[in-house]
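Take a look at the structure below.
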Amino acid sequence: MSEWKELADYFRGRSMWMLHYCTGCGAIELPPTMTSRWDMERFGVVPMATPRQADILLITGYLSIKSLKRVVYTYEQMSAPKWVLGFGSCTINGGIYWDSYSVIKRLDKYIPVDLYIAGCMPRPEAILDSFVKLRELIKKGEAKGYEKYVKNFEWYKANQDKVFRRTTPVLKKPEEVTKSA
Amino acid sequence: MELRPLNVSNTNDKYKTYELFIGPNHPGISGNFSYVLDMEGHKVANVTPDPGLLHRGFEKLMERRLWTQNLALIPRICVPEPDVNEVAYCMGVEHLAGIEIPKHAQYIRVIVLEMARIAAFLFSFAGLGGSTGLYTAPNWSIGDRDYILDLFEWLTGGRVYHIYQYPGGVKKDIPDGWLDKLLELLDYLESRLPEYDNLIFRNPILQKRTKGVGYLPAEKAIKNGITGPNLRASGIKWDIRKAQPYLVYDELNFDIPITGEGDAFARTLQRRLELEESIKILRQCANQIPDGPYKVKIPNPFQFRVPAGSYYSKVESSKGEFGYYIVSDGDVKPYRVYVRGPSYSVGLYYANEIMRGMRIEDVPVWIHTMDICPPDFDR
Amino acid sequence: MLKHVEKLRGMGLEANPLKDWEFEVSVPKERVAEVLSYLKSTGFKAFIHLACVDWIDEGEFELVYNLESYEDALQAVVKTRIPRNNPTMESMISIWGLCQVYEREVHEFFGIEFVGNPNLKPFFLENWMDIPPLRKDFNTLVYSEELFEFKEDETHGIKAPKRIEHK
Amino acid sequence: MMFFLKLIQSIGVGALSISVGLLFMGIGRKITARIHRRYGPPAIQNFIDVFKLFSKNSISHGFAYDLGIIAGTSALLAAVVFLPVGQINLFPANSSLIMILYLMTMAYLGMAMGVSSSGNPNATIGISRALTMMMGYKVPFAAVIFSVYIFARTGSLTNIIAAQSGGLLNWNMIRLPFGFIAAEIALQGMLGEKPFDMAIAPAEIASGPMVEMSGKYLGFGMLQHAVGIFLETGIMVNLFMGGAPNVWIFVIKQFELFFIALLVNAILPRFRVEEGVSFMWKIPLLLGVIQALIVVL
Amino acid sequence: MNSNLIWLVFTPLIGSAIAAILYNYKFLDRLITFSTFAITLFLVFGTHVGQTYSMNLNFMGRMIPLSWNVTHLSIFMLYISIVFGTILTFYSLMDRSRMKGFLLLLILAANNWIFTTNDMVGFFFAWELMGWASIVSVLGGRKERKSRHAALYYALMSIGGSYSMFFGLFTLWRLTGSFSISSNLAYLSSIVGVHPWWVLGIVSLFFVTFMIKAGIFPFHTWVPMAYAYAPDTFTPFLSAVMSKYGIYGMLLFLPISLMEKGMPTVFGLPWVNYIFVWIGVITAVLGTVLAFFQDDVKKLFAYSSLSNLGYIVAAISLFTSVGVTAGIYHAFNHLLFKGALFITLAAVISRSGTSKLSEMGGLWKKMPVTFFTFFIGIASAAGIPPFNGFGSKWLIYQSMIKQHLLFATILLFLASTGAFLYLFKAFHSIFLGQLSHNYDNVKEVPVIGQIVEYLLMFAMIFFGIQPGYILRPVGLIVKSVGLNPLAVMGNGYVTGMFSNVDMPLIGWSLAISFVFGFILFFISAKHKYVSQEDNYTAGQIPQDWGLTPETYQFSWKFYEPMEKLFAPFYRIKIDGFFRGLGDWTRITGSAVKQVFVGNAQIYTLFAVVGLIILVIAGWVA
């Protein structure tokens with residue numbers, strides 16, 4: 001049985017279908033990665049149209065709250081095994097939008113991220129490198145974000161709900177806030 | 001959670017219309033943006049744009065940063081063509097602060113702007129190719145765009161976000177040999193143009209798919225605040241570079257081609273013709289660029305106070321008029337910056353009108369030929 | 001251009017040229033529609049943008065309408081001020097249908113009511129409950145600290161959610 | 001005994017059709033990549049993809065969905081055993097061309113049933129387009145079938161191959177040139193290559209019928225496409241290129257046809273659906289009718 | 001012994017009388033209808049080819065000889081119609097629609113009479129009885145107003161047909177002095193070489209009647225109205241059985257070969273036959289094209305019936321051995337699959353309460369047996385092997401290609417592909433897609449209905465893979481009209497002109513590949529079932545947009561791009577004349593309605609008018 005798993009993991013690593021969801025400005029580096037200059041199809045990575053078909057969810061940069069809600073929905077529509085690549089520094093700590101009221105700061109509080117690509121924005125080489133790294137992680141059986149999500153679903157859900165389902169204003173007393181700034 | 005009422009079209013029969021979501025996670029949309037279409041059969045009955053998926057609160061963040069700190073922030077407003085943001089912002093700041101920048105720097109700015117324009121045009125060909133299924137077009141044009149990005153990298157150190165402009169000039173001078181390389185690249189691009197013509201513009205099926213799609217008459221274009229190549233494709237001869245010249249555009253010799261049919265094909269052709277003009281401008285710049293300083297000295301950023309006042313500075317980008325309305329109260333930070341993106345009126349308002357009755361096939365073609373760039377209205 | 005400025009001055013308005021092709025005119029709130037229709041009739045057919053500035057110290061919002069004339073290659077900036085404690089404004093959608101989206105945005109970010117605009121539903125923001133974010137008294141840093149807890153420093157491991165008490 | 005022999009042979013033909021189809025798809029990706037000025041994936045990429053898909057979890061919208069998707073592949077596999085493949089001709093008495101075409105319709109029906117039971121309008125628009133396009137290419141192909149039936153005085157592929165024996169000049173490709181061109185254009189539509197791939201247009205309807213397919217369902221879809229390529233090019237080889245003395249030559253002939261389809265695919269965008277159909281009803285149908293008239297008169 | 005032919009007619013009449021008395025006891029009424037059908041079926045078992053019977057009837061002082069004669073064709077038709085009728089009445093035991101049993105039994109009496117009679121008077125009376133009984137049956141539809149219009153229009157067309165037949169019959173009687181069909185046909189055959197135009201004229205008078213009954217172009221206009229607004233359980237009978245009366249009539253007259261002398265031929269066919277082939281082809285294409293855009297499911301299938309009858313007419317008009325075999329075979333197949341489809345439609349409509357395609361969807365979850373019956377039905381109708389529709393379609397193509405009828409063949413292919421399109425449209429809109437919450441409480445049909453559905457499924461598969469059971473009797477018919485029957489080798493083969501098809505082999509091949517498909521399906525990674533709301537919405541959360549299943553279901557204007565394609569078709573307003581006629585009927589009808597209120601009166605009025613016309617015709621004679 002484990003041989004089967006290994007074999008399956010080998011094939012998964014060689015054929016990673018990516019969901020081309022332009023969540024942020026990093027999406028501008030994806031067309032060069034996909035097309036003739038860098039050609040990620042060499043690695044078996046193909047852009048897919050819908051979450052149903054995809055293995056990788058590439059979060060290409062910052063996520064506004066509105067976007068995050070859709071990303072979480074999309075992520076839950078993908079079927080396991082699935083992986084998330086956090087792309088660019090915005091997914092790590094909010095990047096240049098660290099003080100924005102609209103952009104989330106840490107992606108892995110809301111969905112499990114298997115691999116981060118640092119940089120603003122990462123070059124196509126970095127993206128390709130991340131695919132190779134992810135392949136290795138899959139082969140080693142270390143990229144198990146989707147299992148983590150199932151196991152810690154409540155934690156993730158609580159974090160998500162805190163952002164999505166507010167029923168009271170975040171800043172209760174605007175006067176005080178103004179003074180402290 | 002707020003429940004939006006369903007937009008049922010004039011048929012008032014919920015069985016006859018159905019919802020189709022174009023975006024955010026859809027190959028047919030450019031960027032993270034969404035149109036919710038009420039469809040009747042294969043035709044669109046009603047459109048609800050759903051922006052804000054890329055909203056970052058730029059205008060708020062800029063009020064919190066120093067005048068020069070903002071330079072790192074603003075390129076991210078329009079991703080396919082970030083340099084127009086930098087130039088427009090710097091021009092606005094310079095106008096308010098009364099700084100006159102040297103000729104050399106002005107030429108460099110024009111070179112950067114025109115290169116960015118070519119890159120954006122190549123990107124828009126890719127969009128058209130992708131939306132009609134001609135996948136050779138994106139592969140070629142984005143591949144060629146990358147040569148421009150290489151030159152940018154050499155010049156500025158960044159492939160996409162250059163952060164190269166600075167109030168008072170540019171950050172550093174042109175490296176040795178860069179201009180020769182630029183001329184070489186222009187020759188290469190020119191040699192590629194016939195191939196694009198054969199692949200895209202002389203392709204009978206592509207002509208069939210784009211001719212007559214999203215017809216935009218001139219009065220409607222003006223009324224709906226449409227600018228740039230889309231306006232010119234409707235037959236209005238309006239280009240800020242000619243009409244209200246900034247930088248050194250009045251010293252350069254170039255034409256404004258007008259196609260005038262106002263449909264999707266004309267809009268693409270318009271970009272193709274303007275691409276040639278941009279190559280012409282770049283050649284002139286590379287040959288005429290005078291020697292001199294590349295910047296004037298400005299004070300320490302922490303001391304850099306811009307006199308109180310307000311100014312609307314605008315730049316002709318590949319998508320239309322890109323403007324920054326900058327208000328200063330004499331502090332080290334801007335008091336208010338308003339960004340006017342060219343896609344705003346097209347993507348959020350005019351879409352409602354034009355998409356009604358449009359076939360679903362034509363929707364992505366329309367989106368891509370209008371070159372709607374969601375980040376510039378989400379900000 | 002000067003003839004426009006003269007004409008506007010003749011209407012009893014404060015108008016002054018800014019640049020070769022640009023002039024600004026300050027209009028009281030009630031006369032905005034009149035001035036805009038006048039300008040539209042004299043060639044300023046393109047509506048470029050509507051911006052809002054929050055002058056918190058003066059207790060006023062400033063609305064900036066920006067128009068362009070393609071025939072004469074001119075730009076007109078029409079400014080008006082409305083009180084901050086009762087921010088209502090007449091909607092301009094009868095002059096430019098386009099104003100609908102601009103006004104909707106200003107309504108969302110500044111909380112200005114536009115009388116006559118049929119659709120002022122949330123636009124860019126979803127489920128927003130605090131004061132409109134582009135007002136000067138909205139503090140984005142505190143807001144994001146409260147909501148996103150980005151300062152806590154934990155490793156990639158999963159930890160129990162931290163409770164945040166609103167002060 | 002006979003039954004088991006035929007059964008094993010049929011499984012062999014089925015396996016051959018799947019492997020050849022997947023290999024063609026892989027080589028096709030490579031060739032397309034070269035036209036795009038790319039390097040392209042390895043030629044066996046599609047095998048990897050299919051294995052991965054079958055090892056991936058998936059979602060389903062109910063048994064109609066399962067049944068439809070399985071029927072899509074199975075019916076094509078059931079049809080492929082009746083196709084003479086080189087020297088392998090399992091049921092020589094039973095290779096009626098129209099029967100094979102109608103059996104293929106079962107596959108379309110199954111696939112269409114599966115994907116539209118998911119209830120996604122994107123998929124349904126795709127199906128609506130695919131069926132409309134089917135009406136486009138079936139009609140010129142009918143004209144071609146007419147000419148071949150009259151010309152060869154038989155409707156069995158076995159006999160049609162036999163009638164073309166004796167060198168290149170006896171091939172229907174040479175004898176019925178207009179019919180061949182018409183069938184070639186119809187083949188482009190049957191294979192679902194551009195400019196007739198409006199059914200799966202990703203930019204418009206998010207890859208159409210495939211929109212809800214995940215994991216093994218997509219794997220079945222891929223197998224169906226592979227068998228479809230084999231079957232459709234195989235019919236063309238038997239109809240116009242005189243079949244083949246052995247499997248290798250058969251596959252090479254199939255690849256020639258597929259290669260032409262690929263080249264056309266790479267340089268053309270897709271039609272609107274009614275434009276595609278009216279194109280089919282103009283040029284190929286005209287050619288087919290001219291051919292039929294030549295044969296009849 | 002031979003008198004059982006009389007009983008074939010009288011048993012249903014007696015049953016009808018009893019049913020009419022028990023009209024108010026719904027279940028008893030239906031039970032009697034069913035048992036009468038069953039008894040009649042039993043009587044048919046006792047009938048054999050060559051049976052004859054004759055008697056004289058005293059009518060207004062004139063002795064009218066009535067005679068019966070059982071041929072291969074009539075016994076074939078008797079069997080298929082009565083077996084189907086029995087199944088249908090069994091199904092309608094549980095039905096709540098307003099079909100009237102006594103009328104159906106009247107039609108049954110007429111049915112048996114038409115198929116067995118050998119005299120024209122009997123034929124005419126039976127035809128009239130059948131016509132009027134069916135017209136009144138149509139009146140009981142779900143939408144009263146529309147049914148009334150449909151019935152009026154149908155009645156008008158029927159009256160036209162009756163005149164035509166009456167004049168033909170009368171002319172023949174004047175010529176020969178005999179009412180016997182067989183001797184009259186023999187007479188016509190003998191003089192066709194001498195007076196071809198006379199013969200043609202007389203035959204065409206009859207053909208108009210038959211074409212009206214079968215709904216052949218240009219007399220097809222009543223079909224969609226009557227089928228759509230008839231009671232749901234009557235439509236199967238209307239479509240499956242009653243349309244075949246026209247085909248039966250045509251088959252009676254076709255053996256009068258017009259090829260003999262002096263007649264020009266086209267492609268080796270007498271030009272009259274050639275014209276009829278084209279009429280068939282036009283009907284087939286027209287039915288298909290009109291069916292694309294229907295939203296009323298019964299109308300859609302009405303046009304589908306039209307299209308199939310076009311096939312049959314085109315095939316039998318060739319009058320070659322393959323053509324006639326294919327035609328009769330297709331008539332049987334059409335009876336089976338269209339009967340099955342209309343029965344499932346009756347089930348769906350009675351459960352969902354609507355016949356609009358755009359308002360249904362996703363019903364497979366609620367009605368799985370009906371779903372499978374419908375699936376096999378459309379697979380048969382689309383001619384997919386190994387189901388029963390394939391063999392006959394395949395033979396029809398071959399017979400057409402054999403005659404080198406290029407354009408007709410291409411058009412038939414077009415109609416066949418088009419059939420697949422509209423069938424799938426109906427399939428999708430009813431059973432697939434999103435299930436509206438309105439139908440959350442819909443249940444499968446009761447056990448009786450399910451039994452019938454299983455039976456029909458079995459029949460469609462059985463006659464698909466064992467076509468020999470039908471092709472043999474069809475071969476006898478073909479032989480009896482003087483053509484060479486098609487060779488039938490075993491029960492599983494369909495022997496065509498260009499190639500053979502082994503249907504069980506196809507069945508095996510499909511079954512085995514399905515087994516492999518299922519094995520692959522179950523050994524590969526697991527799947528989970530999700531609700532229909534969990535669907536790709538491009539990342540948008542559907543609840544935020546107030547999405548409900550019916551607003552995520554695409555079935556309205558399903559083939560919209562084709563409207564553009566077929567725009568030239570619609571410019572030819574062939575239906576305009578008939579639509580005008582229909583309007584005129586409606587106006588007259590409403591004028592009449594002001595005098596006579598109610599259904600029965602209108603029927604009486606038309607009966608009286610028809611009778612008066614008949615009497616006047618008698619005086620003139």
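This is a predicted model, so every value here is computed, not measured.
Of the listed residues Ala152(D), Ala292(D), Gly62(D), the one with more heavy-atom pairs under 4.5 angstrom with chain E than any other is Gly62(D). For chain D, the option among Thr409(E), Leu411(E), Val530(E) with the highest count of heavy-atom pairs below 4.5 Å is Val530(E). Taking chain D as the reference chain and counting heavy-atom pairs below 4.5 Å, the highest number among Phe431(E), Phe387(E), Phe371(E) is found for Phe371(E). Per-residue counts of heavy-atom pairs under 4.5 Å with chain D were compared for Gly517(E), Pro385(E), Pro561(E); the largest is that of Pro385(E). Counting heavy-atom pairs under 4.5 Å between each of Phe558(E), Tyr552(E), Phe427(E), Trp508(E) and chain D puts Tyr552(E) at the top.
The number of heavy atoms from other shown groups lying within 6.0 Å of CZ (Phe3(D)) is above 12. In Lys402(E), the NZ atom is not crowded: 12 or fewer heavy atoms of neighbouring residues, nucleotides or ligands sit closer than 6.0 Å.
Within the 4.5 angstrom heavy-atom criterion, atoms from both the backbone and the side chain of Val139(D) approach chain E. With a threshold of 4.5 angstrom between heavy atoms, Ile127(D) approaches chain E through side-chain atoms but not through N, CA, C or O. Contacts of Ile512(E) with chain D are made by side-chain atoms alone, with heavy-atom separations under 4.5 Å and no backbone atom involved. Looking at Lys393(E), the atoms closer than 4.5 Å to chain D (heavy atoms on both sides) all sit in the side chain, from C-beta outward. Neither the backbone nor the side chain of Ser10(D) comes within less than 4.5 Å of any heavy atom of chain E. Residue contact with chain E, scored on non-hydrogen atoms closer than 4.5 Å, is absent for Phe51(D).
Side-chain contact between Met135(D) and Phe420(E): absent, with no pair of heavy atoms (C-beta onward) separated by less than 4.5 Å. Within the 4.5 Å cutoff, the side chain of Trp364(E) has heavy atoms near those of the Phe63(D) side chain. Looking only at side-chain heavy atoms (C-beta outward), Met106(D) and Phe390(E) stay at 4.5 Å or farther from each other. When side chains are defined from C-beta on, His527(E) counts as touching Tyr217(D), because their heavy atoms get closer than 4.5 Å. Counting heavy atoms from C-beta outward, Ile410(E) and Leu285(D) have side chains that approach closer than 4.5 Å. Here the side chains of Phe91(D) and Ser509(E) are not in contact, with every heavy-atom distance at 4.5 Å or above. Side-chain contact between Phe516(E) and Ser74(D) is absent, with no heavy atoms from C-beta onward closer than 4.5 Å. Side chains of Ile523(E) and Phe54(D) form no contact here, defined as non-hydrogen atoms less than 4.5 Å apart.
Classified by interplanar angle (parallel below 30°, tilted 30° to 60°, perpendicular above 60°), the ring pair Phe220(D)/Phe521(E) is tilted.
Between Leu421(E) and Leu131(D), the shortest heavy-atom contact is CD1-O, 3.3 Å. Between Leu510(E) and Ala75(D) the shortest heavy-atom distance is CD2-CA, 3.8 Å. Scanning both residues, Ser524(E) and Lys216(D), for their nearest heavy atoms gives OG-CD, 3.2 Å.
A donor-acceptor contact closer than 3.5 angstrom links the side chains of Ser416(E) and Tyr102(D).
At least one donor-acceptor pair under 3.5 Å links the side chain of Glu212(D) to the backbone N or O of Tyr536(E).
For Glu560(E), the side-chain hydrogen bond (donor to acceptor under 3.5 Å, both in side chains) test picks out no residue, with sequence neighbours left out.
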